[in-house]
Amino acid sequence: MIKIDGVILKQMIISGSNNLYNNYPEVDALNVFPVPDGDTGTNMNLTMSSGAKEVFNKNDSSISSVSKDFARGLLMGARGNSGVILSQIFRGFSESLKGKDEVDAIGLAEAFVAGKETAYKAVMRPVEGTILTVIREASAALYEKAEKDMPMDVALDILCEEALKSLDHTPDLLPVLKEVGVVDSGGAGLCKILEGFAKALHNQIVEKEMATVTEKTTAYSTGKLTSEPSIEGHGSVQAKFNHEEFGYCTQFLLKLADQDNLQGKKAFNEKRFKAVLEAHGNSIVFIHSDDLVKVHIHTMKPGNIFTYAQQFGEFKTMKCDNMSEQHEELMDDFESEKKKQGIQGETEKFDVALKADTTLSSADQAKQLGIDVSKEKKKFALIAVAVGKGVEEMFKQSNVDYIISGGQTMNPSTADFIDAIKSLNAENVFLFPNNGNILMAASQAADLLKDDYHIAVIPTKTIPQGLTACMVFNPDATLEENVEVMKENLQGVKSGEITYAIKDTTIDGVTVEKDKFMGITNKKIVCCHKHKMNTLMDLLETMIDEDASIITIICGEDITEEEKAEVEEKVNEKYGDEFEVEVAQGDQPVYSFFVAVE
């Protein structure tokens, strides 16, 4: 095969997406920081899946058309910095193929070089030893070696081989990788995608298999990995991507546990729950109203879905059939149960939302979703990313109009930001990502909507920074004036957090032991102890300086009332005479404490 067209590219995309899916927990495990939210593999997997879904039913033979739709799917589904960079690679790739029906090895090499250039431009301060290095060195090598009439499978083999060489070299460019004993996780994810591309050209299209990882030395590790990723819902769900309907038609109605009195259950996070469903099946219908969740999903392992869901409540109804149930019965069951529960008038709204045509204009979408666009347009709207009942309430009390659920535990996509912006009838919109790994997705959404909205992305990388920026919002000032004041106030906030370690390691000179608590500030682990309180006090000691006057501690969902009272007592005892101390309940998952010193 000397050239490939849109049909072949579609096969490559599906194969690459499935190959990444089969290995994303392994990519997650390469996270440098031993924190439980290491999610590079997850973000790239969800991003790539979004792109693959966009071309799945496409039968166009034009490589220009297929690559364009693939790039759009990636852009809208991009999550985390790694996902955004991946989307930019294939954005440039697609632009290079514009107007072409097919391409040879030289054209393919040029497309990957264009993808590299677009990705580098998208990153304000490119860092070598990352996914950027891998695409740069691999595309350059293919560009140098590609020849007229070179078989396309040979060209892809060259690209994969050079990508792997580059990946092995990343620890030499980024010292922290060498210290921890791993290669770059984003680069590893890209290698898995390219490997899937190459296999498709060797008539070995990859299908979805078991997406698991165990304690082992991976093919991408320069040292032993001593942990198993513990992300909820990642597990042994086998799925095939090569036909629309598969497995078992699984349905259930779940009554959620009381979120204020979980009694052994887990706090429900809608965005995370939906993401797990999307990763483990298709033909999904998801409805959430008050304390009821109704799900329809086609999956190969219904037992795993049931087990996952039961962590958050108890089933009222359960069904598992061999593809015999339809959406209409799902809606009828849900409406009937809602009437029993005394819940009124929500099904229609959810049904419309499920059917909303995303190709319509924002105004028409708003009408279809029941949003009143006749109201006078607001001058300003604030959108913040947050998770945790208490944290969300803090943002609402700090001028925020819309909360995008997510953060450390589930990075929202570009599309999530776009949907939020379109849902608000506002002239000027402020976005507060509140996480360094979400900043690029927010910026990408702002760029895609720049012709229709005035959008300012405030570079908040932590929850404390976000709260500070939101609180200084002035509705009487201009957008530019608010941006200046917000950014200025970020300089006076020191942020820290405490979470547990998922593996033994040594990083930044600090010895970390699995299951102990780490104090982190300014992206550095500064202490590690068996007890949360000792970790908190040590972390504060490193954060406080002579200019500080306010200490704010936000307690996570794992902190009891007794522990919160102990925090207030000990922090006030040590710092109360010199500092204003505030301890609040945030209910955020994963992180026991968010800490701010101002």
Side-chain angles (χ1 to χ4, degrees), residues 19-20 22-45 80-82 85 126-138 160-195 211-231 234 408 436-437 497-530 535 590:
N19 199 49
L20 177 60
N22 295 345
N23 295 278
Y24 74 83
E26 181 177 299
V27 177
D28 278 341
L30 292 172
N31 188 34
V32 170
F33 266 31
V35 293
D37 64 354
D39 53 6
T40 298
T42 301
N43 284 335
M44 294 186 74
N45 171 50
N81 293 342
S82 55
I85 292 172
V127 175
E128 296 301 333
T130 65
I131 183 175
L132 292 171
T133 303
V134 175
I135 187 60
R136 176 176 59 79
E137 294 184 343
C160 287
E161 181 180 354
E162 295 298 333
L164 286 170
K165 287 181 182 178
S166 180
L167 181 66
D168 287 340
H169 184 51
T170 55
D172 296 326
L173 299 174
L174 205 55
V176 68
L177 296 175
K178 181 170 287 188
E179 181 182 12
V180 177
V182 296
V183 294
D184 177 65
S185 54
L190 178 62
C191 285
K192 286 299 180 184
I193 293 168
L194 298 180
E195 180 183 63
T212 60
V213 64
T214 57
E215 186 173 326
K216 63 181 181 178
T217 301
T218 73
Y220 287 148
S221 177
T222 58
K224 186 178 180 183
L225 296 176
T226 59
S227 68
E228 298 185 11
S230 57
I231 297 202
H234 293 182
Q408 277 83 357
N437 202 38
E497 57 262 342
I498 291 174
T499 188
Y500 60 92
I502 62 169
K503 62 183 177 182
D504 296 337
T505 189
T506 298
I507 182 170
D508 295 326
V510 177
T511 299
V512 175
E513 295 181 45
K514 184 180 178 183
D515 297 328
K516 289 189 176 181
F517 292 92
M518 300 174 294
I520 305 169
T521 183
N522 196 28
K523 293 186 177 181
K524 291 186 66 175
I525 299 172
V526 295
C527 56
C528 183
H529 296 290
K530 182 178 181 180
T535 309
V590 179

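Because the structure is predicted, anything quoted here is derived from the model rather than measured.
E128 places a side-chain heavy atom less than 4.5 Å from the side chain of R136. In this structure, the side chains of I85 and L132 come closer than 4.5 Å at one or more pairs of heavy atoms. Side-chain contact between D39 and N437: present, with at least one pair of heavy atoms (C-beta onward) separated by less than 4.5 Å. Using a 4.5 Å heavy-atom cutoff, the side chains of V526 and I520 are not in contact. By the 4.5 Å heavy-atom criterion applied to side chains, M44 and T40 are counted as neighbours.
Put simply, the side chain of N19 never gets that close to the backbone of I193: no donor and acceptor are under 3.5 Å apart. Between the side chain of N45 and the backbone N or O of Y24, no donor-acceptor pair lies under 3.5 Å. Under a 3.5 Å cut-off, the side chain of S166 and the backbone N or O of E137 do not form any donor-acceptor pair. No donor-acceptor pair under 3.5 Å is formed between the side chain of N31 and the backbone N or O of S185. Looking at D184, its side chain does come within 3.5 Å of a backbone N or O of I131 through a donor-acceptor pair.
No side-chain donor from either of S82 and N43 sits under 3.5 Å from a side-chain acceptor of the other.
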side-chain contact (heavy atoms from CB on, under 4.5 Å) assessment of C191 paired with V134 = CA-CA 8 Å; C191 285; V134 175; 4.3 Å; yes
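In this structure, the separation between OG1 on T499 and NZ on K516 is 15.5 Å, given to the nearest 0.5 Å. Atom CG in D172 sits 11.5 Å away from atom OG1 in T133 (nearest 0.5 Å). Annotation: the span from L164 atom CG to H169 atom NE2 amounts to 14.5 Å, rounded to 0.5 Å. Once rounded to the nearest 0.5 Å, the distance linking CG of L190 with CD of E195 reads 11.5 Å. A distance of 6.5 Å separates SG of C528 from CD of E513, quoted to the nearest 0.5 Å. The CD1 atom of I525 sits 5.0 Å away from the CE atom of M518 when rounded to the nearest 0.5 Å.
Just one residue in the list L174, L177, T170 forms a side-chain contact (heavy atoms from CB on, under 4.5 Å) with V183, and that residue is T170.
D504 and K514 make their closest contact through OD1-N, 2.6 Å (heavy atoms, listed as atom of the first residue, atom of the second, distance). In this structure, A138 and E162 approach most closely via the heavy-atom pair CA-CB, 3.9 Å. In plain terms, the two heavy atoms of G509 and E179 that are nearest each other are N-OE2, 3.4 Å. Summarising the geometry of K503 relative to V512, their closest heavy-atom pair is O-CG1, 3.9 Å, with the distance given to 0.1 Å. Scanning both residues, F517 and K530, for their nearest heavy atoms gives CD1-O, 3.4 Å. Considering all non-hydrogen atoms of both residues, C160 and L194 come closest at SG-O, 3.1 Å.
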